[in-house]
Amino acid sequence: DFLYEVTNLVRDADGVAAQYADAFGLHPTAFVPIKSSAYGYGGSLTLFSADRLHRFEVITAHDSEKTMGRYFGKFGESLYMCFAESAQLGAVAERCREAGAPITAVEDHTLFLHPGALGGVMLGLSKPTYAWTWSGHPERVERT
């Protein structure tokens with residue numbers, strides 16, 4: 001339905017988030033600190049507005065054994081992936097399976113299309129409003 005996030009993999013997430021705040025006139029009080037032991041990273045969501053999901057995810061990988069850490073070891077600071085909302089996760093997954101495109105589904109709320117499916121970019125898709133779960137306001141998730 002719409003793209004809401006671009007992930008920037010960096011050495012110093014706090015420093016780069018401060019640069020984004022300065023460059024785009026963002027107010028850091030709208031930023032949401034994030035970390036994931038499952039994916040091995042920490043950083044922040046630099047929300048352009050506290051009421052919308054639009055943001056840069058600025059993260060530093062801490063675990064060189066996990067996918068993100070291996071990617072960082074190979075490519076260094078770079079754009080890593082992007083995220084979008086879709087009300088059609090099931091249909092997208094089915095079309096990917098039919099095309100033989102590599103995907104990973106996370107329960108019924110998130111789908112990752114691997115770089116091989118899209119010519120080099122990883123795309124995460126989440127159900128509408130579900131990204132608020134990890135964006136500091138889980139109460140904003142609309143239950144369906």
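We use all heavy atoms of the structure for the numbers below, so side chains are in, but hydrogens, waters and symmetry mates are not.
- Between the CG atom in L125 and the SG atom in C96 there is a gap of 8.0 Å [rounded to 0.5 Å].
- Here the side chain of S44 pairs no donor or acceptor atom with the backbone of V32 at under 3.5 angstrom.
- By the 4.5 Å heavy-atom criterion applied to side chains, V6 and M81 are not counted as neighbours.
- In summary, E98 and R95 do not engage in a salt bridge, as defined by a charged side-chain N under 4.0 Å from a carboxylate O.
- With contacts defined as side-chain heavy-atom distances shorter than 4.5 Å, the pair T60/D12 does not qualify.
- Ring-centre distance between Y130 and H109: below the 6.0 Å cut-off.
- Here the straight-line distance linking atom CG of L79 with atom CG of L9 works out to 9.5 Å at 0.5 Å rounding.
- F112 and F83 have perpendicular rings, their planes meeting at more than 60° on a 0 to 90° scale where under 30° would count as parallel.
- When only modelled atom types and interatomic distance are considered, S135 and R55 share a side-chain donor-acceptor pair under 3.5 Å.
- In this structure, I34 and W134 have side chains that are not in contact, with every pair of non-hydrogen atoms separated by 4.5 Å or more.
- Heavy atoms of other residues, nucleotides or ligands lying less than 6.0 angstrom from CD of Q88 number 12 at most.
- To the nearest 0.5 angstrom, H137 atom NE2 is 6.0 Å from W132 atom CH2.
- Looking at heavy atoms from C-beta onward, L113 lies out of side-chain contact with M122 at the 4.5 angstrom threshold.
- Under the 3.5 Å distance criterion, with hydrogens and angles disregarded, no donor-acceptor pair is assigned to the side chains of Y41 and D63.
- To the nearest 0.5 angstrom, L3 atom CG is 11.0 Å from L53 atom CG.
- Counting only distance, with no hydrogens or angles, the side chain of T46 and the backbone of A17 share no donor-acceptor pair below 3.5 Å.
- A donor-acceptor pair under 3.5 Å is absent between the side-chain atoms of T133 and the main chain of A131, judged by distance alone.
- Looking only at distances, no side-chain donor or acceptor of R70 sits under 3.5 Å from a matching main-chain atom of M68.
- L89 CG to T110 OG1: the interatomic distance, rounded to the nearest 0.5 Å, is 7.5 Å.
- Judged by distance alone, the side chain of E85 and the main-chain N or O of T129 form a donor-acceptor pair under 3.5 Å.
- Y80 has its ring centre no less than 6.0 Å from the ring centre of F75.
- Here the side chains of L111 and T104 are not in contact, with every heavy-atom distance at 4.5 Å or above.
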